[in-house]
Participant: 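Starting off with a structure, shown below.
Each residue takes its place number in the sequence, starting with 1. Quantities reported herein were computed from a predicted structural model and do not represent experimental measurements. We count ligands from 1, going down the list as the structure has it; atoms in each ligand are counted the same way.
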Amino acid sequence: MNKKTLPSMVILISGNGSNLQSIINWVQQYNVATIDAVISNKVNALGLSRAKNANIQTEILEMIPGQSRVEYDEDLSDIIERYQPDLIVLAGFMRILSELFVEKYLGKLINIHPALLPKFKGLNTHQRAIDAKQKEHGASVHFVTPEMDEGPNIIQAKVSVLLDDCAEKLADRVLQQEHLIYPIAIQWCLQQKIRFMDGKVFYNNQPLLQPICYDPVIHRL
Ligand code: GRF
């Protein structure tokens, strides 16, 4: 891969890294982007092994006791700056980011959330969707803005909530969809097919008024 000609990203994780794996698979298959580094805030994150297996540079940045959120995010930014990525991809990074950090990378920072935002921000989304008797649930890729899980959506994938669903079964089906939509959203961002400017999302230079609903027939890599 030629680092100079391909758009690049860094990926931030905290745990399993199954989304990371789907992005690695996409990069390896299509060779249209590079993952310059995987940064974890947890030393034992399984995703670090996935990165190492794919010969991707890994960085660990654990929080030092007593460190403020802003101080941690400054250290995080220092690491990111070494790579000068085109895109910063949050893939199960379980930290709230400071406003300063988010503002610095506005438009270059995306996240995947296991719910159809704006529904079910925060944690335990699958159980909350079941408890709320939702017929549909799913996943959203969105630009990150200072308010948690508030940034504008790019693409969403929906799954039906079944009568006998438990949170684990529903989570599995949603995660499968996450693995499909995250590489698509990343490709769009890196190609600048989708852009976030002045608080608005543009898709093919037209304002995107609602998230794109993932359709496996239309949205292929
Ligand atoms: C995913 O469900 C993602 O939506 C959420 O955290 C989970 C990460 O899973 N933000 P994995 O580490 O990618 O397997």
Side-chain angles (χ1 to χ4, degrees), residues 9-28 33 35 37-54 56 58-62 76 87-97 101-102 105 109-130 134 136-161 165-189 211-214 219:
M9 68 193 113
V10 297
I11 303 181
L12 276 54
I13 61 163
S14 297
N16 181 25
S18 69
N19 276 290
L20 166 66
Q21 188 66 58
S22 79
I23 302 164
I24 291 173
N25 295 348
W26 164 66
V27 162
Q28 289 179 338
I35 304 170
V38 169
I39 306 171
S40 173
N41 67 324
K42 298 284 178 198
V43 68
N44 56 358
L46 179 61
L48 289 168
S49 318
R50 298 180 191 270
K52 283 179 191 147
N53 288 341
I56 297 166
T58 58
E59 306 266 3
I60 297 163
L61 183 64
E62 289 196 290
L76 181 60
L87 191 67
I88 300 158
V89 175
L90 307 180
F93 186 63
M94 300 302 284
R95 281 186 60 85
I96 294 172
L97 294 162
F101 180 94
V102 173
Y105 294 112
L109 184 58
I110 61 172
N111 181 43
I112 190 155
H113 181 77
L116 297 174
L117 291 170
K119 288 184 182 171
F120 308 115
K121 297 166 188 168
L123 299 174
N124 302 320
T125 57
H126 309 301
Q127 190 58 53
R128 286 161 59 209
I130 292 170
Q134 299 291 293
E136 276 187 331
H137 183 49
S140 310
V141 179
H142 65 97
F143 285 104
V144 177
T145 55
E147 308 76 30
M148 192 185 70
D149 299 334
E150 284 277 352
N153 285 317
I154 299 170
I155 185 169
Q156 292 186 318
K158 296 181 179 171
V159 303
S160 298
V161 182
D165 257 336
C166 60
E168 291 71 25
K169 285 203 269 181
L170 186 53
D172 278 352
R173 295 205 305 287
V174 170
L175 198 56
Q176 284 174 28
Q177 297 298 305
E178 293 184 31
H179 298 162
L180 297 174
I181 62 173
Y182 218 1
I184 291 172
I186 289 168
Q187 175 159 290
W188 289 347
C189 290
I212 291 159
C213 184
Y214 171 62
H219 302 123

Participant: Please give the N or O to N or O pairs under 3.5 Å between ligand 1 and the protein, distances rounded to 0.1 Å.
Facilitator:
| unit_1 | atom_1 | unit_2 | atom_2 | d |
| --- | --- | --- | --- | --- |
| ligand 1 | 2 (O) | E178 | OE1 | 3.3 |
| ligand 1 | 2 (O) | E178 | OE2 | 3.0 |
| ligand 1 | 4 (O) | I112 | O | 3.4 |
| ligand 1 | 4 (O) | E178 | OE1 | 2.8 |
| ligand 1 | 4 (O) | E178 | OE2 | 3.2 |
| ligand 1 | 10 (N) | I112 | O | 3.0 |
| ligand 1 | 12 (O) | G17 | N | 2.8 |
| ligand 1 | 13 (O) | S18 | N | 3.3 |
| ligand 1 | 13 (O) | N19 | N | 2.8 |
| ligand 1 | 13 (O) | N19 | ND2 | 3.0 |
| ligand 1 | 14 (O) | N16 | ND2 | 3.3 |
| ligand 1 | 14 (O) | S18 | N | 2.9 |
| ligand 1 | 14 (O) | S18 | OG | 2.5 |

Participant: For R173, give me all partners under salt bridge (charged side-chain N to carboxylate O under 4.0 Å, His left out), at least two apart in sequence or on another chain.
Facilitator: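 By the salt bridge (charged side-chain N to carboxylate O under 4.0 Å, His left out) rule, R173 matches D165.
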Participant: The criterion is side-chain hydrogen bond (donor to acceptor under 3.5 Å, both in side chains); which residues satisfy it with H179, sequence neighbours excluded?
Facilitator: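 Result, side-chain hydrogen bond (donor to acceptor under 3.5 Å, both in side chains) vs H179: S18.
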Participant: Donor-acceptor pairs under 3.5 Å, side chain of residues 112-123 to any protein atom, not counting sequence neighbours: which ones?
Facilitator:
| unit_1 | atom_1 | unit_2 | atom_2 | d |
| --- | --- | --- | --- | --- |
| H113 | NE2 | F120 | O | 2.7 |
| K119 | NZ | Q134 | OE1 | 2.8 |
| K121 | NZ | E150 | OE2 | 2.7 |

Participant: I want to check something: taking the side chain as every heavy atom from C-beta on, are P152 and T145 in contact at a cut-off of under 4.5 Å?
Facilitator: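 Answer yes - side chains close enough.
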Participant: Ignoring hydrogens, what is the shortest heavy-atom contact between Y182 and I110? Give both atom names and the distance.
Facilitator: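 That closest heavy-atom pairing would be OH-O, 3.2 Å.
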Participant: Please tell me if the side chains of I212 and N153 come closer than 4.5 Å, counting only heavy atoms from C-beta onward.
Facilitator: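 When only atoms from C-beta onward are counted, N153 and I212 do not touch, as no gap falls below 4.5 Å.
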